[in-house]
Q: 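Here you go, one structure.
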Amino acid sequence: MEKLNISNNVRRLRFNHGEMTQQRLAELVSVTRQTIVAIEQNKYTPSLELAFRIAIVFGVPLEEVFYISAPP
């Protein structure tokens, strides 16, 4: 089975929530800023728990934060 291409709207959501910094989001979900950077650059796929934590911070459904994108 092929690996899914999972993309995200984390950067857009941060800016739509008062231009939240990567550091602030990291603090709210209990990870490092580097983890947020990697997620935003699609270099790291978060655990299901972390994905839900991020969605909860922004008050949106999980599908609004993470989605499956078309293969490159």
Q: Could you go through the side chain to side chain contact (heavy atoms under 4.5 Å, CB included) check for V57 and I54 one step at a time?
A: CA-CA 5 Å; V57 165; I54 292 170; 5.8 Å; no
Q: If you link I, L, V, M, F, W and Y whenever their side-chain heavy atoms are under 4.5 Å apart, who else ends up in the same group as F15?
A: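 Its cluster mates, by chain and number: none.
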Q: Return each pair, listed once, that meets ring pair (Phe, Tyr, Trp, His ring centres under 6.0 Å) where at least one residue sits in residues 27-51; pairs must be two or more places apart or across chains.
A: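 Output for this query is empty, none listed.
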Q: Of all residues at least two apart in sequence or in a different chain, which pass the side-chain hydrogen bond (donor to acceptor under 3.5 Å, both in side chains) check with R12?
A: none
Q: Can you name the side-chain contact (heavy atoms from CB on, under 4.5 Å) partners of I68, sequence neighbours left out?
A: L4
Q: Linking I/L/V/M/F/W/Y whenever any side-chain heavy atoms sit under 4.5 Å apart, do L50 and Y67 land together?
A: no
Q: Scan for salt bridge (Lys or Arg N to Asp or Glu O under 4.0 Å) pairs involving residues 29-48, sequence neighbours excluded, and state none if there are none.
A: R14-E40
Q: Which residues satisfy the salt bridge (Lys or Arg N to Asp or Glu O under 4.0 Å) test with R24, sequence neighbours excluded?
A: E27
Q: Residues sharing V37's hydrophobic cluster, by side-chain heavy-atom contacts under 4.5 Å among ILVMFWY, directly or via others?
A: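 Besides V37, the hydrophobic cluster comprises nothing; the residue is isolated.
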Q: Among all residues two or more places apart in sequence or in another chain, which pass the salt bridge (Lys or Arg N to Asp or Glu O under 4.0 Å) test with E49?
A: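 Once residues adjacent in sequence are excluded, the partners of E49 under the salt bridge (Lys or Arg N to Asp or Glu O under 4.0 Å) criterion are R53.
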Q: F58: which residues meet the ring-ring contact (aromatic ring centres under 6.0 Å, His included) condition with it, sequence neighbours left out?
A: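 F58 satisfies ring-ring contact (aromatic ring centres under 6.0 Å, His included) with H17 once adjacent residues are dropped.
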Q: Checking L28 against M20 for the side chain to side chain contact (heavy atoms under 4.5 Å, CB included) test, could you report, in this order, the C-alpha distance in whole Å, the side-chain angles of both residues, the deciding distance, and whether it holds?
A: CA-CA 11 Å; L28 291 171; M20 181 186 296; 4.1 Å; yes
Q: When Ile, Leu, Val, Met, Phe, Trp and Tyr are grouped by side-chain heavy atoms lying under 4.5 Å apart, directly or through other members, which residues fall in the same group as I56?
A: none
Q: Rounded to the nearest 0.5 Å, how far does CD of Q22 lie from OG1 of T35?
A: 11.0 Å
Q: The criterion is side-chain contact (heavy atoms from CB on, under 4.5 Å); which residues satisfy it with N8, sequence neighbours excluded?
A: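 Testing N8 for side-chain contact (heavy atoms from CB on, under 4.5 Å), a comparison that skips the adjacent residues, returns V10, I39, N42, F66.
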Q: State which residues pass side-chain contact (heavy atoms from CB on, under 4.5 Å) with T45; sequence neighbours excluded, sorted by chain then number.
A: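 T45: side-chain contact (heavy atoms from CB on, under 4.5 Å) contacts with I6.
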